[in-house]
Amino acid sequence: MWLAISIGNTHIRAAVFDGLELAAEYVKPHIELPELEYELGQWSIDRIALASVVPDLVTPWHGLAHTYEITSDRVPLQGIYSSMGVDRALVALGAGVTYGYPILVIDAGTALTITGVDTTPALVGGAILPGLRSQFNSLRQNGALLPLASIPSELPTLWATNTITAIQSGVLHAVVAGLRRYIADWQKQFPRSQVIITGGEGEYIRSYLQGGKLDNQLIFWGMRSLWQQLEKSRV
């Protein structure tokens with residue numbers, strides 16, 4: 001058994017693999033790290049792959065002799081730049097090895113990222129903007145009289161008549177219009193490319209776009225692919 005750990009901006013995700021098969025998956029906010037450590041301690045883990053975008057968060061698995069820390073420069077995609085988040089790079093890799101290149105990935109989490117990879121495979125580029133909850137939280141924190149809006153299951157009316165719906169309408173319709181612009185441009189360049197959606201807010205995005213495939217294990221498929229290469233190099 002080996003363990004894949006992804007430390008995101010707000011949550012820690014962990015996947016237990018039996019060889020190449022996903023045996024169990026856990027998602028916990030940072031504050032529940034002790035509970036996650038306890039739950040994972042029930043598995044017989046002999047090696048760990050760890051990827052983090054939060055340098056200050058040190059977990060019990062950091063620094064262990066059998067822990068392999070993944071950084072962006074170790075992800076086998078051409079054109080990865082030094083400041084690119086390792087989670088974003090791994091998600092792009094996971095999408096490509098699972099669904100084929102070229103590929104466009106929308107990762108909807110604390111940040112909403114758009115990443116395109118061509119057939120080389122090489123990074124074409126992408127974009128980063130605040131995620132849906134991040135935008136709602138920002139309006140609440142920075143607007144003295146603005147309430148905190150929640151993410152609705154369906155797109156709200158375009159012309160809202162109350163504050164909550166107006167916030168939802170403004171954020172969601174702007175995000176969806178922007179995503180459709182990126183998707184349309186990408187598909188002009190790569191007509192055969194799939195669009196894969198992932199992340200904690202991915203189901204909302206897929207529903208709003210009424211298209212794209214949802215796969216919330218993309219980062220683990222990327223880590224698994226990289227792990228396979230490491231195992232071959234050990235032989």
Side-chain angles (χ1 to χ4, degrees), residues 6 8-11 13 15 22 25 27 75 77 79 84-85 87-137 149-160 164-225:
S6 169
N9 289 301
T10 57
H11 288 77
R13 298 184 62 194
L22 180 63
E25 183 179 355
V27 181
V75 178
L77 294 174
M84 186 171 184
D87 56 343
R88 188 177 170 204
L90 284 168
V91 162
L93 175 65
V97 298
T98 304
Y99 300 100
Y101 298 104
I103 198 76
L104 181 68
V105 182
I106 298 170
D107 189 350
T110 303
L112 198 160
T113 65
I114 307 162
T115 309
V117 180
D118 67 17
T119 55
T120 308
L123 175 70
V124 174
I128 303 173
L129 65 152
L132 304 182
R133 286 190 178 86
S134 295
Q135 294 193 48
F136 291 149
N137 288 338
S150 60
I151 304 176
S153 58
E154 298 180 355
L155 274 175
T157 180
L158 194 63
W159 302 102
I164 287 287
T165 308
I167 291 171
Q168 293 170 329
S169 176
V171 169
L172 299 182
H173 282 286
V175 167
V176 169
L179 290 176
R180 285 177 176 157
R181 174 73 176 87
Y182 277 97
I183 292 169
D185 188 76
W186 180 260
Q187 291 181 332
K188 283 183 182 178
Q189 300 179 64
F190 305 98
R192 298 181 180 179
S193 174
Q194 292 196 64
V195 177
I196 312 298
I197 302 167
T198 193
E201 298 172 0
E203 179 56 48
Y204 295 108
I205 295 296
R206 190 206 61 77
S207 175
Y208 300 154
L209 290 174
Q210 297 182 334
K213 180 177 178 59
L214 182 70
D215 187 338
N216 280 328
Q217 281 75 42
L218 284 186
I219 194 162
F220 294 137
W221 305 152
M223 296 178 81
R224 181 177 64 181
S225 176

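Residues Y99 and V105 fail the side-chain proximity criterion, which asks for heavy atoms closer than 4.5 Å. Side-chain contact between Y208 and V175 is absent, with no heavy-atom pair separated by less than 4.5 Å. Between Q217 and M223, the closest side-chain pair of non-hydrogen atoms is not below 4.5 Å. Looking at heavy atoms from C-beta onward, T113 lies out of side-chain contact with D87 at the 4.5 angstrom threshold. Using a 4.5 Å cut-off on side-chain heavy atoms (C-beta onward), I103 and Q194 make contact. The closest side-chain heavy-atom distance from L104 to V124 is not below 4.5 Å. Contact annotation: the side chain of Y182 never approaches that of I106 to less than 4.5 Å [non-hydrogen atoms, C-beta and beyond].
In terms of heavy-atom proximity, G211 sits nearest to I197 at O-CD1, 3.6 Å. Considering all non-hydrogen atoms of both residues, W221 and D215 come closest at NE1-OD2, 3.2 Å. The nearest pair of heavy atoms linking S193 to P102 is OG-O, 3.3 Å. Considering all non-hydrogen atoms of both residues, I167 and A149 come closest at CG2-CB, 3.8 Å. Here the closest heavy-atom approach between residue S225 and residue V97 is recorded as OG-CG1, 3.7 Å. When all heavy atoms of P130 and S134 are compared, the pair lying nearest together is CB-CB, 4.0 Å.
Summarising the geometry, atom CD1 belonging to I128 is positioned 10.0 Å from atom CG belonging to L112; distances are rounded to the nearest 0.5 Å.
Judged purely by atom type and a 3.5 angstrom limit, E201 uses its side chain to pair as donor or acceptor with the backbone of L132. No donor-acceptor pair under 3.5 Å is formed between the side chain of T115 and the backbone N or O of G126. The backbone N or O of L155 lies less than 3.5 Å from no partner atom in the side chain of H173, so there is not a single donor-acceptor pair. Remark: the backbone N or O of I114 is paired with a side-chain donor or acceptor of R88 at under 3.5 angstrom. Judged by distance alone, with hydrogens and angles left aside, the side-chain atoms of N216 form no donor-acceptor pair with the main-chain N or O of T198 at under 3.5 Å. A distance-only check finds a donor-acceptor pair linking the side chain of T98 to the backbone of G94 [under 3.5 Å]. Looking at S6, its side chain never comes within 3.5 Å of a backbone N or O of R13 through a donor-acceptor pair.
The ring of W186 has its center closer than 6.0 angstrom to the ring center of F190.
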Run the side-chain contact (heavy atoms from CB on, under 4.5 Å) check on F136 and L172 step by step: do they pass?
CA-CA 10 Å; F136 291 149; L172 299 182; 4.3 Å; yes
side-chain contact (heavy atoms from CB on, under 4.5 Å) between M84 and L123, intermediate numbers included
CA-CA 11 Å; M84 186 171 184; L123 175 70; 3.9 Å; yes
So L209 and V195, side-chain contact (heavy atoms from CB on, under 4.5 Å) or not? Walk me through it.
CA-CA 11 Å; L209 290 174; V195 177; 5.8 Å; no
List the steps and the verdict of side-chain contact (heavy atoms from CB on, under 4.5 Å) for Q135 and L129.
CA-CA 9 Å; Q135 294 193 48; L129 65 152; 4.0 Å; yes
